[in-house]
2 protein chains.
Amino acid sequence: MHSVQEQFRAYLAKHKLKVTRQRKTILDAFLSSPSHLSAEELYIRLRKKHPNIGYATVYRTMKLLAESGIAAERHFGDRQTRYEANTGEEHHYHLICEQCARIVEFEDTQIDLLLQKAASAHNYTLSHRRLEIYGQCPACQKK
Amino acid sequence: MHSVQEQFRAYLAKHKLKVTRQRKTILDAFLSSPSHLSAEELYIRLRKKHPNIGYATVYRTMKLLAESGIAAERHFGDRQTRYEANTGEEHHYHLICEQCARIVEFEDTQIDLLLQKAASAHNYTLSHRRLEIYGQCPACQKK
DNA sequence: GTAGTTGCAAATCATTTGCAGTAAT
DNA sequence: ATTACTGCAAATGATTTGCAACTAC
């Protein structure tokens with residue numbers, strides 16, 4: 001099988017782009033970080049071990065990861081773009097606590113089906129979807 | 001019954017804010033414009049008839065409209081915040097064409113129900129939700 | 001060697017804010 | 001009279017870009 005690293009290599013090769021030390025470093029950091037980090041947060045994490053890495057390089061590389069399908073861009077309420085690892089063709093939905101920002105990911109094939117139906121009903125094709133449910137997580141309800 | 005204008009007046013009064021010419025003008029422009037305009041687009045429309053209106057005033061007023069529940073903020077793929085008129089307690093979902101950006105709004109009580117269930121299943125309360133389906137509209141599929 | 005890449009700093013884009021003058025209460 | 005509001009320009013925060021030095025191919 002192909003690892004994510006190989007997938008990235010293949011993407012770069014196809015587009016005549018180069019495999020650089022920075023790109024490998026950023027990919028590894030991305031894969032070993034919690035999900036939904038912003039480029040800035042990733043940059044801060046990276047700086048510890050790689051103090052000479054550039055802010056712009058992180059941005060540029062995250063963009064490449066998104067284009068190659070390895071990462072997916074997310075926009076939650078705030079202004080920053082966040083990234084999450086793209087687990088193949090499956091998609092999942094988000095349940096977000098308005099109080100503490102805790103995010104739960106879940107899948108739901110019934111919802112999948114209804115969304116597909118909704119698109120068809122309006123004669124749209126479906127390429128992807130975004131679903132976020134905002135509320136209070138169990139912990140915050142107790143407060 | 002109370003018109004939207006009255007609703008805005010009431011909100012302003014409750015917060016000891018003033019009913020100004022600009023605020024009335026912006027509210028009217030917002031109500032008589034297509035949905036999903038950004039503050040900038042609204043500003044451009046307004047400028048035709050009210051050349052002396054300030055950019056910042058439009059931003060500040062849209063924020064007020066959002067706080068008062070008259071408008072709802074939306075974030076689609078791009079960087080700008082867009083606004084749509086808030087039609088009471090109902091909510092609706094968006095079907096967005098990736099090619100021409102045409103947006104169809106729809107409601108679906110089955111989806112409503114499943115989202116409520118999904119939140120409950122994780123012991124979350126539900127306050128609001130965001131659902132966008134991206135694909136190609138009928139017209140763009142033919143190209 | 002050549003073409004793509006990096007890091008920096010400066011630029012950009014959407015949005016926000018400080019402030020002096022103006023208008024609503 | 002008081003207190004909030006406006007318009008402008010300058011400030012902010014996230015992201016992008018130009019460019020000269022550098023590195024993968």
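Proteins come first, then strands; the chains are lettered A, B, ... in the order of their sequence lines, and each starts at number 1. In this text the structure is predicted, and so the values were computed from the model without any measurement.
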Asks: Could you tell me the separation between the CG atom of Leu114(A) and the CD atom of Gln116(A), rounded to the nearest 0.5 Å?
Replies: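 It comes to 10.5 Å.
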Asks: Nearest to the side chain of Gln80(A), which nucleotide is it out of dA14(D), dG7(C), dT17(C)?
Replies: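 Of the candidates, dA14(D) comes closest.
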Asks: Counting any heavy atom closer than 4.0 Å, what does Ser38(B) reach on the DNA or RNA strands: base, sugar-phosphate only, or nothing?
Replies: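 No contact at all - Ser38(B) keeps every heavy atom at 4.0 Å or more from the nucleic acid.
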Asks: Between Arg23(B) and Pro51(B), who's closer to the 5' end of DNA chain D by nearest nucleotide?
Replies: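 Final value for this comparison: Arg23(B).
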Asks: Is the phosphate of dG7(C) approached by Gln22(A) (side-chain N or O, under 4.0 Å from OP1 or OP2)?
Replies: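 Answer is yes, contact under 4.0 Å.
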Asks: Distance check needed: dG7(C) P versus Tyr59(A) OH, whole Å only.
Replies: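 These atoms are roughly 15 Å apart.
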Asks: Counting only side-chain N and O atoms of Arg21(B), is one of them less than 4.0 Å from OP1 or OP2 of dA23(C)?
Replies: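 No, no such contact exists.
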Asks: Closer to the 5' end of DNA chain C via nearest nucleotide, is it Thr20(B) or Thr81(B)?
Replies: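 The answer here is Thr81(B).
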Asks: Look at the side-chain N and O atoms of Lys63(B) and state whether any lies under 4.0 Å from the OP1 or OP2 oxygen of dT15(C).
Replies: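 Answer is no, no contact under 4.0 Å.
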Asks: For the side chain of Lys16(B) and the base of dT3(D), is some donor closer than 3.5 Å to an acceptor across the two?
Replies: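 Such a pair does not exist between side chain and base.
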Asks: When you match Ile53(A) and Tyr55(B) each to their closest nucleotide on DNA chain C, which lands nearer the 5' end?
Replies: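 Its nearest nucleotide lies further toward 5', so the answer is Ile53(A).
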Asks: Check the distance between dT16(C)'s P and Leu64(B)'s CG and give it to me in whole angstrom.
Replies: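 My rounded result for the distance is 12 Å.
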Asks: Find the distance between NZ (Lys49(B)) and CG (Leu46(B)) and round it off to the nearest 0.5 Å.
Replies: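 Reported to 0.5 Å precision, the distance equals 10.5 Å.
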Asks: Is there a side-chain contact between Leu115(A) and Tyr93(B) (heavy atoms, below 4.5 Å)?
Replies: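 Leu115(A) vs Tyr93(B): side chains apart.
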Asks: Given atom NZ of Lys24(B) and atom P of dT6(D), what is their separation to the nearest angstrom?
Replies: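 Result: 12 Å.
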Asks: Classify the angle between the aromatic ring planes of His122(B) and Phe106(A) as parallel (below 30°), tilted (30 to 60°) or perpendicular (above 60°).
Replies: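 His122(B) vs Phe106(A) ring planes: tilted.
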Asks: Is any side-chain N or O of Arg60(A) under 3.5 Å from a base N or O of dG4(C), one able to act as donor and the other as acceptor?
Replies: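 For Arg60(A), whose side chain was compared with the base of dG4(C), there is no donor-acceptor pair (under 3.5 Å).
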Asks: Without decimals, in angstroms, what is the distance between Leu37(A) CG and dA14(D) P?
Replies: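 For the pair Leu37(A) CG and dA14(D) P, the rounded distance is 15 Å.
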Asks: Distance check needed: dT6(C) P versus Met62(A) CE, whole Å only.
Replies: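 Between P of dT6(C) and CE of Met62(A): 14 Å.
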Asks: Taking CZ from Arg79(B) and P from dT15(C), how many angstroms apart are they, rounded to a whole number?
Replies: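 Rounding to the nearest Å, CZ of Arg79(B) and P of dT15(C) are 9 Å apart.
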Asks: Can you see whether His75(A) engages Glu132(A) through a side-chain donor-acceptor pair at a distance of less than 3.5 angstrom?
Replies: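 Side-chain D/A pair, His75(A) to Glu132(A): absent.
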Asks: Output the single nucleotide from dA14(C), dA4(D), dG7(D) whose closest atom is nearest the side chain of Lys18(B).
Replies: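 The listed nucleotide nearest to Lys18(B)'s side chain is dA4(D).
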Asks: Within this structure, what is the CG-to-C1' distance between Leu17(B) and dC5(D), rounded to whole angstrom?
Replies: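 The answer, rounded to whole Å, is 10 Å.
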Asks: Nearest whole angstrom, please: distance from the P of dC8(C) to the CG of Asn52(A).
Replies: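 These atoms are roughly 8 Å apart.
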